[in-house]
Amino acid sequence: MSAPDVRRLLEEIIMTSATWPVYSPFAREHYGRGQAEGKAEGKAEGKAEEAVRMLLLVLGARGFDISDDMRTRISTCADLAQLESWATRAVTAQSLEDLFDETGGQAS
């Protein structure tokens, strides 16, 4: 057993180290799972950010004047399926209202 000050110092060094070793099977499993989940979340966020950039690029290339409200609505959307749906409609939309029309322009 070490003196409390030495033990506290060692714990502090280990807990602040960016490369702490994961020894136990339990720790390896949960540490690895957390890393995998973090990577998956990062990839999903990256795909959504890329979809936002592409959607805004298509709208700009088509000459649409995008209001701050619409730009915010697009930029804050994290739903990749929704962004892809908007991007598909952006190619043929006659107006920005068509882009956000969830009925596909059909009367119900």
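Heavy atoms only: backbone and side chains are in, while hydrogens, waters and symmetry mates are out.
- Residues L99 and I66 share a single hydrophobic cluster, defined by chaining ILVMFWY side chains whose heavy atoms lie under 4.5 Å apart.
- The side-chain hydrogen bond (donor to acceptor under 3.5 Å, both in side chains) check on R8 picks up D5, with sequence neighbours excluded.
- Sequence neighbours left out, not one pair with a member in residues 35-61 passes ring pair (Phe, Tyr, Trp, His ring centres under 6.0 Å).
- Taking T76 as the reference, nothing meets the side-chain hydrogen bond (donor to acceptor under 3.5 Å, both in side chains) condition, with sequence neighbours excluded.
- Among residues at least two apart or in separate chains, salt bridge (Lys or Arg N to Asp or Glu O under 4.0 Å) pairs with a member in residues 47-57 are E50-R53.
- Residues meeting the side chain to side chain contact (heavy atoms under 4.5 Å, CB included) test with T92, sequence neighbours left out: none.
- Applying the side-chain hydrogen bond (donor to acceptor under 3.5 Å, both in side chains) definition to pairs two or more places apart or across chains, none involves residues 65-74.
- Grouped by direct or indirect side-chain proximity (heavy atoms under 4.5 Å, Ile/Leu/Val/Met/Phe/Trp/Tyr only), L57 sits with M54.
- Take A87 and apply the side chain to side chain contact (heavy atoms under 4.5 Å, CB included) test, not counting sequence neighbours, and it matches L55.
- Within the structure, the ring pair (Phe, Tyr, Trp, His ring centres under 6.0 Å) test picks out the following pairs touching residues 42-86 (sequence neighbours left out): W86-F100.
- Scored by the side-chain hydrogen bond (donor to acceptor under 3.5 Å, both in side chains) test, Q94 finds no partners at all (sequence neighbours excluded).
- When all heavy atoms of A48 and A78 are compared, the pair lying nearest together is CB-O, 4.1 Å.
- Annotation: side chain to side chain contact (heavy atoms under 4.5 Å, CB included) contacts of V52 (sequence neighbours excluded): L56, I74, S75, L83.
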